[in-house]
Amino acid sequence: MTDTPLLKVNSVSKFYGQRIGCKDVSFDLWPGEVLAIVGESGSGKTTLLNCISTRLMPTAGSVEYRMRDGNFRDLYHMGEAERRFLMRTDWGFVHQNPADGLRMTVSAGANVGERLMAVGDRHYGKIRDTASDWLTRVEIGTDRIDDQPRAFSGGMRQRLQIARNLVTNPRLVFMDEPTGGLDVSVQARLLDLVRGLVNDLGLAAIIVTHDLAVARLLSHRMMVMKDGFVIEHGLTDRVLDDPREPYTQLLVSSILQV
Amino acid sequence: MATPLVVSEVFKSFTMHLRDGIRLPVVNNANFSVASGECVVLGGPSGIGKSSILKMLYGNYAVDAGQILVDHRDRIVDIATADPRAILDVRRHTMGYVSQFLRTVPRVPALDVVAEPLVARGVEAAEAKDKASELLARLNLPRELWGLPPATFSGGEQQRVNIARGFITTHQILLLDEPTASLDAVNRRVVVEMIRQKKEAGVALLGIFHDEEVREAVADRILDVAQFSPRKVAA
């Protein structure tokens, strides 16, 4: 157990005019830890994810990240260029819709290679080798390396997006409903893949999902959001087996059993 | 003798918000401890709170009051108040749990399911798989199943995968929730022997066994859970 968190979120709030996006959210995230943020549509989970990942400026609060040199930096007091560099190298962001995270008109290999070039790789052969290695890891045949993601199925696109994000060995990955919109057999494959990669690479991850089964499978810790507030937070097993709050009890009791 | 697990003045109730907030007390003032090399069996009828106690000890259920003290890497962790990270660390290194049912993960083969707790502790994958194979062979799980995900296995086959997964580590505390419930006589005897070896290795075991023969064979003492049950009033 390392004793320093990777990310410190302090009282983050976001208002859309008078309306609450998320209010007063604080937590720490440690290396290798997977946190699930669950709640129904409109509960503020994506707003929170966007605030933490600097895609959206919070109204109040701070987010500190431990850089590779060991120093904490406030993400909102960082230069734009430095923040962009961080997002391209040390972080990943997996969107629900792969088209938001991929460049649909360049080849699969280039989609993966682009991130490598961002961290300074210039050797074409090496980039292609790494890209093809990553395609294999996400179970995309290397014969597809020159195809554009437009020609891929939804599940393949999502796997490609994951490869694109992980190729730079990020330490923190954000995922917004990574399995939303995929049919169940494709979901299972993706979940197994994500679970394996997170374990093998020791990634920290924040996963937004409305699917409690996904949260159970992937996360160590879980935060339940309602109307912009975090209403329950704890060990994933505990929140699901012994939910304390009325809303969490309602969520858990609403799961369909197969 | 060392006592790696101490439960002190533990209370637990459920508040059912969807049922007009009724409060169901399930455990009142539980006090007991388990020593190294000892197998304590939780006794009492169904619904008296045996599984709830195991789930509290493993961190799956929250605790209203009291302490659950676990000897973890030369310090004492109170599961009742520990943060999630501390509980996960206790699970990784100190306390194992064989649940009644296996929670299967799609696509992960039985052998990997069993090897996983060792891999999580940093053991080489090949070594972990060797150990997993050894346990599955011992529990007579047909070799042709090892490479398949256990979702489609029979109850008894899943349970053997679950047992192998729970017994593969050298955890100093092991919680067992009816590990022999759906096993045949031959495999029950294998499990009894495995428990005996854990005791010899100094592991503290706490379990629920409805099968009398198994209970007789493994229990050093039986802890009557009825004494901690809020329902005992009538007695």
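As the structure is a prediction and not an experimental result, all values here were calculated from the model. Numbered from 1 within each chain, the chains take letters A, B, ... in sequence-line order.
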Does a side-chain heavy-atom distance below 4.5 Å link [X] with [Y]?
X         : Y         : value
Ser253(A) : Leu18(B)  : yes
Val108(B) : Asp192(A) : yes
His17(B)  : Glu245(A) : no

Straight-line distance of Leu88(B) CG to Asp237(A) CG, nearest 0.5 Å:
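These two atoms lie 8.0 Å from each other.
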
When rounded to the nearest 0.5 angstrom, what is the spacing between CZ in Arg195(A) and CZ in Arg107(B)?
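Going from the CZ atom of Arg195(A) to the CZ atom of Arg107(B) covers 11.5 Å.
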
Quick check against the 3.5 Å criterion: does Asn60(B) have a side-chain atom that pairs as donor or acceptor with the backbone of Asp241(A)?
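The answer is no, because no donor-acceptor pair under 3.5 Å joins these two groups.
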
Quick check on Arg91(B) against chain A: is it the side chain, the backbone, both or neither that has a heavy atom closer than 4.5 Å?
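Contact with chain A is through the side chain of Arg91(B) alone.
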
What part of Glu33(A) gets closer than 4.5 Å to chain B, counting heavy atoms only: side chain, backbone, both or neither?
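Interface part for Glu33(A): side chain.
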
Atom [atom1] of residue position [X] - does it have more than 12 heavy atoms of other residues, nucleotides or ligands inside 6.0 Å?
X         : atom1 : value
Asp20(B)  : CG    : no
Arg19(B)  : CZ    : no
Phe101(B) : CZ    : no
Lys131(B) : NZ    : yes
Arg68(A)  : CZ    : yes

So Arg238(A) and Tyr61(B), side chain to side chain contact (heavy atoms under 4.5 Å, CB included) or not? Walk me through it.
CA-CA 5 Å; Arg238(A) 205 282 294 153; Tyr61(B) 281 0; 6.0 Å; no

Where is the tightest heavy-atom contact between Gly234(A) and Pro84(B), given as atom of each residue plus distance?
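Here Gly234(A) and Pro84(B) meet closest at C-CG, 3.9 Å.
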
Is there a side chain to side chain contact (heavy atoms under 4.5 Å, CB included) between Asp242(A) and Lys12(B) once you walk through the steps?
CA-CA 11 Å; Asp242(A) 184 14; Lys12(B) 168 73 190 164; 2.5 Å; yes

Chain B contacts: which residues in residues 203-220 of chain A have a non-hydrogen atom closer than 4.5 Å to it?
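When heavy atoms of chain B are the reference, residues 203-220 of chain A contributes Arg216(A), Leu217(A), His220(A) within the under-4.5 Å range.
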
Between Arg244(A) and Asp64(B), is there a salt bridge with N-O shorter than 4.0 Å?
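Judged by the 4.0 Å cut-off on N to carboxylate O distance, Asp64(B) and Arg244(A) do form a salt bridge.
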
